[in-house]
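Chain naming here is simple, since letters A, B, ... match the order of the sequence lines and numbering starts at 1 in each. What you see is a predicted model; the values in this text were computed from it and never measured.
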Amino acid sequence: MSDTPIDISHDQHAVRRQKLAEMRTAGVDPFRANFATTHFSGDAIKLHVDGQDNAVTVSVAGRLVVIRDMGKSQFVKILDQQGQVQLYVKKDVVGDAAYAAFKKLDLGDILGAKGTLFKTKTGEVTVRVESFTLVSKALRPLPEKWHGLSDAEQVYRQRYLDLIVNAESRARLLMRSRVVSHIRRFLEAQSFVEVETPVLENTAGGAAARPFVTHHNALDVDFFLRIATELRLKRLLVGGFDRVFEIGRIFRNEGVSRRHNPEFTMLEVYQAYSDYRGMMTLIRDLLTSLVREVIKPADGSLKIKHAGSGQDIDFGGEWREVRYKDLIIAATGEAGWFALPKADKVAKAEALGLSIHPTWEEFEITNEIFSKKIEPTLIEPTFVTHLPKELCPLAKLNAEDPTVLDVFELTIGGMEVAPAYSEQNDPDAQRAMFEAQAGEEQQNIDQDFLLALEHGMPPAGGMGVGIDRLCILLTGAESIRDVILFPQLRPGGGAS
RNA sequence: GGGCUGGUAGCUCAAUGGUAGAGCAGUUGCCUUUUAAGCAAUUGGUUCCGGGUUCGAAUCCCGGCCGGCCCA
């Protein structure tokens, strides 16, 4: 053993561990059970009245994110849920011993402080600290203060670090919470009731997607994680819940990409005695109020910049309404598109640069053109109506033209944001549609849902809104991962 | 699943096949209204992992792991 201690000055974790040990030896608790605050940072700052320095006392707490040490005084900043507030710590105010302890604090430590509000000569409202407490010691250093954390993998795997050092991430993810909260208040104000329906299902219905399968041990049966909430919510219409909604986690066992997370959040709304036209009004009112009251564009307009194209999306203008058929005709230049023989459709689609799977049916070829060539160009809010009947087995057929549906797909920013239907409430028509769709796999038909329809479901409008995609749009995010707190990544890798 | 691309200090990034560096953070000093505070000095590396080529590999090749973008 040597008399000289090992030099740990290069190892920030070791340095902090040593400080921790010294505190414990001195009888100081580095991880306190509580700290009494009076205000969040932003609320505290608002209390200051110009020209009345040191008139208001506050107690605040947060993570130490900036330290500017000037010898016998320091300016530091702490971060809480509302943002940052600056603290001014003076040796001759707090006393020599406390000041020495303050100098031992590290960036990342969680600190509580009590003091009075004043305005510095550069105009920043600041807490003149009279007393302070280390609330929780941080044993690991924070990422770089200026560039923040930019390694995408670490941003997602250690989101807590991203939230501490990247203000845009914190703002964007808080915005998501406000969006969801606004949706709840908006719908409740119109007498919709929020319900919760099962995630574990015997049949995965209401959409076309591959489900996750899990196993219930006590019952010894497999369950599917739901791929939609539609069939449960419609049972509630039968039960007399006339206006229901669920903001629910949906699971689809499919690819992971910039636009897809295996679990995502869907709003589904059902309104008895309404129809798809009623849903148009509902979604337009909902989205414009969201932009106006939650996003609050700086210029006072209802315009949001589309991240992909840089184009403005104006929620305040007239929302375009266009028939699916007309979009297809315009995109292909074929007035008689729907009457073309399949071979001609394939040739034309391939000429447009699409690859067509040989087993596809004609409506699938047409829809490939819609989703690849048309949808991405629909940047401003657009209701696409009169979709072909093959596309939505749960919707009512149009009375005048039974080859199309009483539905719309609302497309904004080139993405499908909200499909809505006049809901099918004829049990026989619904059964026929299910049986045709299921083909060989009749056991996948949700018989209890059909039984419920036979008891009588009121006519209704229904709509699904992908909350994640909506948040991508509203926040100008580039990827679904940027609006999900903990997006799915392959296990392993990452932090150790 | 396929194509392209990336992984270097705690973080953000450099480094013609030839001694692995900088800024921030850390450490030691100075500084009682700072704003990426400033000044001086200074520590810190399994270059993602495993093979290979080479006198010599962060760099070239092969395989793997984990990301990103595009496509399916």
Legend entry - Whole-angstrom distance between B:rG23 and B:rG38, as gauged at atom P: 12 Å
Inset, instruction - Answer yes or no: side-chain N or O of A:Thr120 and base N or O of B:rU34 forming a donor-acceptor pair under 3.5 Å. - result: yes
Legend entry - Heavy-atom side-chain contact between A:Phe408 and A:Ile283 under 4.5 Å: yes
Legend entry - Presence of A:Ser9 side-chain N/O under 4.0 Å of B:rG26 phosphate oxygens OP1/OP2: no
Inset, instruction - Ignoring backbone atoms, test whether A:Arg481 places a side-chain nitrogen or oxygen under 4.0 Å from the OP1 or OP2 oxygen of B:rG67. - result: no
Legend entry - Atom-to-atom span, CD of A:Gln154 to P of B:rU8 - whole angstrom: 10 Å
Inset, instruction - State whether A:Arg258 places a side-chain N or O below 4.0 Å from either non-bridging phosphate oxygen (OP1 or OP2) of B:rC70. - result: yes
Inset, instruction - State whether A:Tyr88 and A:Arg128 meet the cation-pi test: NZ (Lys) or CZ (Arg) under 6.0 Å from the six-membered ring centroid, and within 45° of the perpendicular axis. - result: no
Legend entry - Gap in Å between the two P atoms, one belonging to B:rU19 and one to B:rA58, rounded: 10 Å
Legend entry - Side-chain N,O (A:Lys77) to OP1/OP2 (B:rA36) below 4.0 Å: no
Inset, instruction - Could you tell me whether the side chain of A:Gln12 has a donor or acceptor atom within less than 3.5 Å of a complementary atom in the base of B:rA25? - result: yes
Legend entry - Any N/O donor-acceptor pair, A:Gln86 side-chain to B:rU34 base, under 3.5 Å: yes
Legend entry - Electrostatic pair A:Lys72:A:Asp92 at N-O distance under 4.0 angstrom: no
Legend entry - Ring centres under 6.0 angstrom apart (A:Phe486, A:Tyr156): no
Inset, instruction - Name the residue closer to the 5' end of RNA chain B, choosing between A:Leu105 and A:Ser257 according to the nucleotide with the nearest heavy atom. - result: A:Leu105
Inset, instruction - Look at the side-chain N and O atoms of A:Arg157 and state whether any lies under 4.0 Å from the OP1 or OP2 oxygen of B:rG67. - result: yes
Legend entry - Under 3.5 Å on both distances, the Watson-Crick or G-U partner of B:rC39: B:rG29
Inset, instruction - State whether A:Lys145 places a side-chain N or O below 4.0 Å from either non-bridging phosphate oxygen (OP1 or OP2) of B:rA25. - result: yes
Legend entry - Salt-bridge criterion met for A:Asp106 and A:Lys137 (N-O under 4.0 Å): yes
Legend entry - A:Arg68 vs B:rA37: side-chain N/O to OP1/OP2 distance below 4.0 Å: yes
Inset, instruction - Sticking with atom C1', work out how far B:rU59 lies from B:rG17, rounded to a whole angstrom. - result: 7 Å
Legend entry - Polar side-chain contact A:Asp92-B:rU32 base: donor and acceptor under 3.5 Å: yes
Inset, instruction - Tell me which nucleotide among B:rC69, B:rU34, B:rA36 gets nearest to the side chain of A:Thr126. - result: B:rU34
Inset, instruction - Working to the nearest 0.5 Å, report the span between NZ of A:Lys345 and CD of A:Glu334. - result: 10.0 Å
Legend entry - Side-chain N or O of A:Lys121 closer than 4.0 Å to phosphate OP1/OP2 of B:rU34: yes
Inset, instruction - Scan every strand shown for a Watson-Crick or G-U wobble partner of B:rG1, both distances under 3.5 Å, and answer none if you come up empty. - result: B:rC71
Legend entry - Whichever of A:Leu107 and A:Lys90 has its nearest RNA chain B nucleotide further upstream toward 5': A:Leu107
